[in-house]
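Read the structure below first, then the notes.
Just follow the structure's listing: the first ligand is 1, and inside any ligand the first atom is 1.
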Amino acid sequence: MTSRNDTLFAAAQVVTPGGVNSPVRAFRSVGGTPRFFARGSGARVWDADGKDYIDYVGSWGPLILGHAHPAVVQAVQAAAANGLSFGAPTEAEVELATLLCQRVPGIEQVRLVSSGTEATMSAIRLARGHTGRSRIIKFEGCYHGHADSLLVKAGSGALTFGNPSSAGVPAETAAHTLVLDYNDTAMLEAAFAREGDKIACIIVEAVAGNMNLVAPKREFLDACRNLCTRHGSVLIFDEVMTGFRVGPAGAQGLFGITADLVTLGKVIGGGMPLGAFGGRRDIMQSIAPLGPVYQAGTLSGNPVAVAAGLVTLQQIAAPGFFEQLSARTSRLVSGLCAAAKDSGVVFSAQSIGGMFGMYFREHPPQSYAEVMQCDVAAFNQFFHVMLDDGIYFAPSAFEAGFVSAAHGETEIDATVAAARGYFEKISSKQA
Ligand code: HOZ
């Protein structure tokens, strides 16, 4: 019998390229029909056929409180009742900007935008405008949204679908982007030795989360910081994914390194479209209307999105919030690893705060090259068995997963039990 998901997917493909509004949703690398979701509550989502799943995608990171958290829904409803958009300043924007300045290391001034892509694209322009240089450094497998200069050897859907360097990006634009290996300090030092005076900025995911999860080496992040300082380049930490996710002060707080500019998105909008970039005051003052770097947006600082973001940031400031989120995420990861080990399945996993990576490989990868050694076919099989069992992981071997505060031990243990059942089954088949 054709499911409602199949019917909707067929209809969607007629009117939308690939049937989806963002490629990572399309299930193309894992195969099968994407689930069309009708509703979500807490840690669970329900698809168009009424089947429910424990959700580890969380809208790709924003839903740190889980789906339809009552306080967020109430704040959104109240804000909407007062008007959806003004295209003029509001008091709540000042409150959110103040909170970001207080909680994110190095942010002295911040500008609100509508997405993570806008934040990174604007931060790059600002770094170039501020330094008067064109060259930027990014790392292979890191994804910073879909602006032209950043779609070079990118991660996320670009990597999943085998087009890490997008068509449609002029060679002249890509030529200004120098792509280096993540976690390769020697390569980074050599690049600065060669052309440090031409480099406007480094943009880096301080914990890479768009080629699955790759933890940074301490010396690599230190080198990013020190080389930028020495050569007058701007260090941009892309914390769209890690901000308020790996800890209360993001990756900067976790590693004790302060970037010059930080980009934010996902959690700061609590599920609504909101991004931000901020950092050193002297750099931020180059932005219009104060300076010559132009940046704008009709819906920037949208009051409904800001209301969702504000209440989310208030909720996650509760004492013990991150300790509990981290403990739950590491319970998931250690449960999965133990289940695989007991069955002799080649598998590893790790977590940082509320995000995690799973790898069909003996050890967590430390580089893009090691990520590419993961067994994608094994992941795809695992993904589908879990999906049938009501567990929704990201439909790609190259994405990080997310746990929310709504994931209790019940959900985590049910997930581990389902994985254990699968691992035991495949190991008995192999025996
Ligand atoms: N940045 C998200 C995780 N890789 C994906 C969002 C999207 O591309 O739809």
Report yes if Ser22 has an N/O atom closer than 3.5 Å to an N/O atom of ligand 1; otherwise report no.
->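 Yes - when backbone and side-chain N and O of Ser22 are compared with those of ligand 1, one distance drops under 3.5 Å.
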Just checking, is any N or O donor in the side chain of Ser348 or Glu362 under 3.5 Å from an acceptor N or O on the other one?
->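 The criterion, which ignores hydrogens and geometry beyond distance, is not satisfied for Glu362 and Ser348.
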Go through the side-chain N and O atoms of Glu239 and Thr242 and say whether any donor and acceptor fall under 3.5 Å apart.
->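 Indeed, the side chains of Glu239 and Thr242 share at least one donor-acceptor pair under 3.5 Å.
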Any idea which part of His144 is under 4.0 Å from ligand 1, heavy-atom wise: side chain, backbone, both or neither?
->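 Answer for His144: neither.
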Would you say the ring centroid of Phe398 lies under 6.0 angstrom from that of Tyr359?
->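 No - the distance between ring centres of Phe398 and Tyr359 does not fall below the 6.0 Å cut-off.
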When you look at Tyr392 and Phe37, which way does the ring pair (Phe, Tyr, Trp, His ring centres under 6.0 Å) test go after all the steps?
-> CA-CA 11 Å; Tyr392 188 72; Phe37 290 120; 4.9 Å; yes
Using 30° and 60° as the class limits, which term best fits the ring planes of Phe393 and Phe382: parallel, tilted or perpendicular?
->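 If you compare the ring of Phe393 with that of Phe382, the planes turn out parallel.
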Which atoms of ligand 1 sit under 4.0 Å from any heavy atom of Glu399?
->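 Taking each heavy atom of Glu399 in turn, ligand 1 has 3 (C), 4 (N) under 4.0 Å.
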Of all the non-hydrogen atoms in the protein, which one sits nearest to atom 1 (N) of ligand 1, and at what distance?
->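 Ranked first by proximity to atom 1 (N) of ligand 1 is Lys266 NZ, 3.3 Å.
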Nearest protein heavy atom to atom 4 (N) of ligand 1, by residue and atom, and its distance?
->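 Protein heavy atom at minimum distance: Asn210 OD1, 2.5 Å.
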